[in-house]
Amino acid sequence: MPSPLKYNKKFDKLTDEERELLEINKKSIADFVEQSPSVSDVEYATRNAHAKTYAVIKGEFIIDKNIPEKLQPFFEKGKYDLIIRFSNAHLKVNKGKKDFPAYGFAVKIKDENGDLLANYPLVNFPLFPINSVSIFLKLFTSVNRFFVKKWSSFSLMMQIIKVIPSTFTVSFIKNVFKLWTKRNDFFLSFDYHSVGAYRLGEYMMKIKLKPTSVDKNFGKRLKTKDALEAYFKTDDFAADVMIQLCYNLEDQPINKLNVEWKHSPYIKIGEIRIKRNNLLDPEACENELLSFNPFESKIFFQPVGKLQKLRDEAYKVSRLTRLKMNKLLKYNR
């Protein structure tokens, strides 16, 4: 294989127009979070994405003994502690039985002193339908405003229409079909993906979690939250942690998120293990307020790409507004 392509700040650079749209979007995020208790009919301010927490649990990241030599400096210890949050991607907490299977598997990796190494918010769909920063920001702003009753459904639909052309790729259609066939499968039977790229020192990577030995039909008649709780009462969980490295932008594009990377073999770097009976109270204040902002990670594990760059300020606005609102609401379970 050729040498991996090295990270360059140019992959993250936003235009002046994109920065202006980001400022508008940040205001809409703050507005949404401030009104989220009434939007979701809950007693606390929620995130403005992945609002619904299914479970929070402790785990371990075990480094593979056969990890390639060039990657060994990034994983000096054999084992790292994890805090993991399982969630649904919707902005609103759905209290009904059936959620659309857009799931989140957010991982917080800590060192031996309990300090943060990296946050990785992973999802069960490997692609993102939008490549244009400006289209994404306008859509996300319109979604936030729609939920707080500041924008009509017609305006929202016009923004959605602009997204449709970028969904017509072979990769995207293939993965939509795959998700549809698995729509009733158990949460822990899905693969989970980073979608965008992340730094690995000077290299750039994508991440994939592939569960081992999970029955896709587990808890078929249960709500997702109840199924997860039932699973971890009796079973342990394990998933292989694999990465792809970026070697060239034609086959592994950084700012084109609606296609899969090709000609970059998966490299197993370790395994996530979760032991039974390790669930934490997902509604406890300290767990509900957990942050999985990937820009809080050590610099050599941070996100790469323009759309990824938006997460930095968006996460900060969301978190600060949640903290402010939950203090006012005296949320302290």
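What you are looking at is a predicted structure, and each value in this text was computed from that prediction instead of being measured. The analysis underlying the following values was restricted to heavy atoms, covering all of them including side chains, and did not include hydrogens, waters or symmetry mates.
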[X] (side chain) donor-acceptor with [Y] (main chain) under 3.5 angstrom:
| X | Y | answer |
| --- | --- | --- |
| Trp261 | Lys206 | no |
| Ser264 | Gln244 | no |
| Asn131 | Leu257 | yes |
| Thr53 | Ser87 | no |
| Glu271 | Ala239 | no |
| Ser194 | Gly196 | yes |
| Ser318 | Tyr315 | no |
| Asn113 | Asp115 | no |

Taking the six-membered ring of Tyr192, is NZ or CZ of Lys208 closer than 6.0 Å to its centre and within 45° of its axis?
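No; the conditions do not both hold, so Lys208 does not lie above the ring face of Tyr192.
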Would you verify whether the NZ or CZ of Lys92 falls within 45 degrees of the ring axis of Phe147 while also being under 6.0 Å from that six-membered ring's centre?
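No; the conditions do not both hold, so Lys92 does not lie above the ring face of Phe147.
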On a heavy-atom basis, which atom in [X] and which in [Y] lie closest, and how many Å separate them?
| X | Y | answer |
| --- | --- | --- |
| Pro282 | Ala55 | CB-CA, 4.2 Å |
| Ser291 | Glu296 | OG-OE2, 3.1 Å |
| Asp281 | Asn287 | O-ND2, 2.7 Å |
| Lys298 | Leu116 | CE-O, 3.3 Å |
| Gly305 | Ile254 | CA-CG2, 3.9 Å |
| His50 | Gly104 | CE1-CA, 3.6 Å |

Looking at [Y] and [X], is there a salt bridge between them, counting it only when a charged N and a carboxylate O are closer than 4.0 Å?
| X | Y | answer |
| --- | --- | --- |
| Lys26 | Glu23 | yes |
| Glu34 | Lys324 | yes |
| Glu229 | Lys225 | yes |
| Asp99 | Lys52 | yes |
| Lys6 | Glu202 | yes |

Do the side chains of [Y] and [X] get nearer than 4.5 Å, heavy atoms only?
| X | Y | value |
| --- | --- | --- |
| Ile29 | Thr321 | no |
| Tyr120 | Phe292 | no |
| Leu310 | Val133 | yes |
| Ile130 | Asn258 | no |
| Arg311 | Pro121 | yes |
| Ile84 | Val56 | no |
| Asp191 | Leu209 | no |
| Gln308 | Tyr198 | yes |

Got a sec: does the [atom1] of [X] have more than 12 other heavy atoms crowding it under 6.0 Å?
| X | atom1 | result |
| --- | --- | --- |
| Lys182 | NZ | yes |
| Lys268 | NZ | yes |
| Glu112 | CD | yes |

Pairing donors with acceptors under 3.5 angstrom, does anything connect the side chains of [X] and [Y]?
| X | Y | result |
| --- | --- | --- |
| Lys306 | Asn255 | no |
| Asn144 | Asp31 | no |
| Ser297 | Asn119 | no |
| Asp12 | Tyr7 | yes |
| Arg276 | Thr234 | no |

What residues form a ring pair (Phe, Tyr, Trp, His ring centres under 6.0 Å) with Phe128, not counting sequence neighbours?
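Phe128: ring pair (Phe, Tyr, Trp, His ring centres under 6.0 Å) contacts with Phe136.
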Go through it in stages, so that I can follow the logic: the residues are Lys220 and Asn217, the test is side chain to side chain donor-acceptor pair (under 3.5 Å), and I'd like the CA-CA distance, side-chain angles, deciding distance and then a yes or no.
CA-CA 5 Å; Lys220 204 80 167 181; Asn217 295 311; 3.0 Å; yes
Measure the [atom1]-[atom2] distance between [X] and [Y] for me, rounded to the nearest 0.5 Å.
| X | Y | atom1 | atom2 | result |
| --- | --- | --- | --- | --- |
| Thr141 | Leu21 | OG1 | CG | 7.5 Å |
| Ile272 | Leu122 | CD1 | CG | 7.5 Å |
| Ser189 | Asn184 | OG | CG | 10.5 Å |
| Lys233 | Asn277 | NZ | CG | 9.0 Å |
| Phe146 | Leu139 | CZ | CG | 12.0 Å |
| Glu288 | Arg47 | CD | CZ | 5.0 Å |

Is Leu307 reachable from Val143 through a run of hydrophobic residues whose side-chain heavy atoms are each under 4.5 Å from the next?
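Val143 and Leu307: one cluster.
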Same cluster or not: Leu290 versus Phe61, using hydrophobic residues (I, L, V, M, F, W, Y) connected whenever any side-chain heavy atoms lie under 4.5 Å apart?
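The answer is no; the residues belong to distinct hydrophobic clusters.
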Tyr203 vs Cys246, side chain to side chain contact (heavy atoms under 4.5 Å, CB included): CA-CA, chis, key distance, verdict:
CA-CA 7 Å; Tyr203 304 147; Cys246 177; over 6 Å; no
Step by step, would you call Ser132 with Ser134 a side chain to side chain donor-acceptor pair (under 3.5 Å)?
CA-CA 6 Å; Ser132 166; Ser134 59; 3.1 Å; yes
Glu260 vs Phe172, side chain to side chain contact (heavy atoms under 4.5 Å, CB included): CA-CA, chis, key distance, verdict
CA-CA 8 Å; Glu260 294 175 289; Phe172 200 87; over 6 Å; no
I want to know whether Tyr231 and Phe218 have ring centres closer than 6.0 Å.
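Centroid distance Tyr231-Phe218: below 6.0 Å, so yes.
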For Arg322 and Thr46: C-alpha separation, side-chain torsions, deciding distance, then whether side chain to side chain donor-acceptor pair (under 3.5 Å) applies.
CA-CA 7 Å; Arg322 284 168 59 219; Thr46 72; over 6 Å; no
Candidates Phe237, Tyr54, Phe105, Tyr103 - the one meeting ring-ring contact (aromatic ring centres under 6.0 Å, His included) with Phe86
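Looking at Phe237, Tyr54, Phe105, Tyr103, the match for Phe86 under the ring-ring contact (aromatic ring centres under 6.0 Å, His included) is Phe105.
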Contacts under 3.5 angstrom, residues 67-82 side chains, donor-acceptor by atom type, not counting sequence neighbours:
residue	atom	partner	partner atom	Å
Gln72	NE2	Ile67	O	3.3
Tyr80	OH	Glu76	N	3.3
Tyr80	OH	Lys77	N	3.1

Where do Lys256 and Leu249 land on the side chain to side chain contact (heavy atoms under 4.5 Å, CB included) test, with the steps shown first?
CA-CA 9 Å; Lys256 192 175 181 182; Leu249 295 179; over 6 Å; no
